[in-house]
A.B. asks: 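The structure that follows is given in the form of structure tokens.
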Amino acid sequence: MQNLRLRAEDIEDIVIMASYLQDAITMMRDIVYQSKSRRFVIMLNRYVWENRCPDTGAVLEGAPSPCSRIRTGLHFEDVLKITSQNIAVQAKEHPMELLSIDAAELKDGTYHVDFVFSGEGVIRLQCETISAQMQDIGAPWPAKCHPKHEILDILQDENIE
């Protein structure tokens, strides 16, 4: 399996990145804002969703491993400001599950990029432009199980019947 590498330059690209990063796990120790270079960096343990059918969640035939994770780096350039809500910034070792990434253009032409975590946590980037890159690092490793979502269970049940 080849490591995934994506670049985002608009809101639609962020939606694609978000789909690959859904259910990724990170910790505060793996999140850095480099204010001088205006770069936001986050390392995550990404679930390898591309081993599953996007419509049903069923394991694809020939997938190297039905349940695996891979270390993934993501960075955003041109970040003007970062804020957070319901994030325990001092809890460096506390695992956080990424649910989605949302982006919106503001009236002044800048963008908000929201990292939405379980437990109603949000990290918001205020960006001058959308400029992001994501890349898998190393080899995937077996995961104990795949993330559970009620909609995937319903779709799988419908396809079995």
Side-chain angles (χ1 to χ4, degrees), residues 3-8 10-34 39-60 63 65-77 79-106 111-127 130 132-158:
N3 284 351
L4 185 68
R5 183 178 195 162
L6 295 175
R7 178 174 291 282
D10 58 29
I11 291 174
E12 289 79 25
D13 293 340
I14 296 296
V15 171
I16 294 167
M17 275 187 178
S19 67
Y20 281 101
L21 291 171
Q22 179 180 339
D23 297 308
I25 305 295
T26 190
M27 296 181 193
M28 282 307 300
R29 71 170 186 213
D30 292 332
I31 300 173
V32 176
Y33 176 52
Q34 301 165 335
R39 176 183 281 185
F40 174 81
V41 180
I42 182 170
M43 295 296 297
L44 308 112
N45 294 336
R46 177 177 82 78
Y47 183 79
V48 183
W49 283 109
E50 55 269 32
N51 288 346
R52 295 185 169 270
C53 174
D55 296 326
T56 66
V59 176
L60 295 175
S65 174
C67 296
S68 60
R69 288 193 178 270
I70 191 165
R71 193 74 168 148
T72 302
L74 171 63
H75 73 267
F76 278 78
E77 304 290 338
V79 177
L80 304 170
K81 180 180 174 183
I82 295 183
T83 57
S84 66
Q85 178 179 334
N86 298 324
I87 298 285
V89 187
Q90 302 305 323
K92 300 290 186 192
E93 303 296 319
H94 179 71
M96 301 185 311
E97 181 181 7
L98 182 64
L99 300 178
S100 69
I101 304 172
D102 299 319
E105 185 173 3
L106 304 177
Y111 297 85
H112 276 174
V113 177
D114 291 342
F115 289 78
V116 180
F117 295 93
S118 60
E120 299 181 7
V122 176
I123 294 176
R124 172 171 281 179
L125 313 181
Q126 182 181 348
C127 302
I130 298 287
Q133 187 170 344
M134 175 180 115
Q135 183 169 346
D136 290 342
I137 301 165
W141 66 88
K144 292 180 183 174
C145 61
H146 78 280
K148 296 287 186 183
H149 296 283
E150 188 174 314
I151 188 67
L152 290 179
D153 294 339
I154 291 169
L155 289 170
Q156 281 182 316
D157 290 346
E158 287 176 359

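Sequence positions, counted from 1, serve as the residue numbers for this chain. Just so you know, these numbers come straight off a predicted model, no measurement behind them.
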A.B. asks: Sequence neighbours excluded, which residues qualify as side-chain hydrogen bond (donor to acceptor under 3.5 Å, both in side chains) partners of Glu12?
C.D. replies: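 Listed in chain order: nothing, the list is empty.
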A.B. asks: Does Asp102 reach the main-chain N or O of Asp114 with its side chain, forming a donor-acceptor pair under 3.5 Å?
C.D. replies: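 Judged by distance alone, no pair lies under 3.5 Å.
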A.B. asks: Working to the nearest 0.5 Å, report the span between CD1 of Ile25 and CG of Asp30.
C.D. replies: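 Taking CD1 in Ile25 and CG in Asp30, the distance rounds to 11.5 Å.
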A.B. asks: In Å and rounded to the nearest 0.5 Å, what is the CG to CZ distance from Asp136 to Arg5?
C.D. replies: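 CZ of Arg5 is found 11.0 Å from CG of Asp136.
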A.B. asks: Would you please name every residue forming a salt bridge (charged side-chain N to carboxylate O under 4.0 Å, His left out) with Arg7, sequence neighbours left out?
C.D. replies: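 Partners of Arg7 by the salt bridge (charged side-chain N to carboxylate O under 4.0 Å, His left out) criterion come out as none, since no residue qualifies.
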A.B. asks: With sequence neighbours left out, write down each residue that passes side-chain hydrogen bond (donor to acceptor under 3.5 Å, both in side chains) with His94, or none if nothing qualifies.
C.D. replies: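 Applying side-chain hydrogen bond (donor to acceptor under 3.5 Å, both in side chains) to His94 gives none.
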A.B. asks: Is Val113 close to Ile101 at the side-chain level, that is, under 4.5 Å between some pair of heavy atoms?
C.D. replies: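 A side-chain contact exists here, since the closest heavy-atom pair is under 4.5 Å.
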A.B. asks: CG of Leu80 to CD1 of Ile82: how many Å apart, nearest 0.5 Å?
C.D. replies: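 Leu80 atom CG to Ile82 atom CD1 measures 10.5 Å (nearest 0.5 Å).
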A.B. asks: Can you list everything that forms a side-chain contact (heavy atoms from CB on, under 4.5 Å) with Glu77? Sequence neighbours excluded, please.
C.D. replies: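 For Glu77, the residues satisfying side-chain contact (heavy atoms from CB on, under 4.5 Å) (neighbours in sequence not counted) are Arg39, His75, Ser131.
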A.B. asks: Could you list the residues that satisfy side-chain contact (heavy atoms from CB on, under 4.5 Å) with Ala8, not counting sequence neighbours?
C.D. replies: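 Expected list: Asp13, Ile14, Met17, Ile130, Ala132.
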A.B. asks: Can any side-chain N or O of Tyr20 pair as donor or acceptor with the backbone N or O of Leu6 at less than 3.5 Å?
C.D. replies: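 Such a contact is absent between Tyr20 side chain and Leu6 backbone.
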A.B. asks: Could you give the distance from CE (Met96) to CG (Leu44), rounded to the nearest 0.5 Å?
C.D. replies: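 Going from the CE atom of Met96 to the CG atom of Leu44 covers 8.5 Å.
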A.B. asks: I'd like to check the ring pair (Phe, Tyr, Trp, His ring centres under 6.0 Å) partners of Phe115; sequence neighbours left out, ordered by chain and number.
C.D. replies: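 Phe40, Phe76.
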A.B. asks: Please name all residues satisfying side-chain contact (heavy atoms from CB on, under 4.5 Å) with Ser84, sequence neighbours left out, ordered by chain then number.
C.D. replies: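 Ile87, Val89, Ile123.
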A.B. asks: Mind checking the CH2-CD1 spacing from Trp141 to Ile70? Nearest 0.5 Å is all I need.
C.D. replies: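 The CH2 atom of Trp141 sits 7.5 Å away from the CD1 atom of Ile70.
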A.B. asks: Listed by chain and number, what are the side-chain hydrogen bond (donor to acceptor under 3.5 Å, both in side chains) partners of Asn45, not counting sequence neighbours?
C.D. replies: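 In terms of side-chain hydrogen bond (donor to acceptor under 3.5 Å, both in side chains), with neighbours along the sequence ignored, Asn45 is linked to Arg71.
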A.B. asks: Are more than 12 heavy atoms from other residues, nucleotides or ligands located less than 6.0 Å from atom NZ of Lys81?
C.D. replies: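 Result for NZ/Lys81: open.
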A.B. asks: Which atoms form the tightest heavy-atom contact between Val48 and Pro140, and what is the distance?
C.D. replies: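 In terms of heavy atoms, the two residues are closest at CG2-CB, 4.5 Å.
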A.B. asks: Applying side-chain contact (heavy atoms from CB on, under 4.5 Å), can you list everything that pairs with Glu120, at least two apart in sequence or on another chain?
C.D. replies: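 Glu120 satisfies side-chain contact (heavy atoms from CB on, under 4.5 Å) with Asn86 once adjacent residues are dropped.
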A.B. asks: Give me the atom names and distance for the closest heavy-atom approach of Cys127 to Val79.
C.D. replies: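 Looks like SG-CG2, 4.0 Å.
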A.B. asks: Rounded to the nearest 0.5 Å, what separates atom OG1 in Thr83 from atom CG in Leu125?
C.D. replies: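 The distance works out to 8.5 Å.
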A.B. asks: State whether the side chain of Thr26 and the backbone N or O of Met43 hold a donor-acceptor pair below 3.5 Å, judged by distance alone.
C.D. replies: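 Looks like yes, one N/O pair under 3.5 Å.
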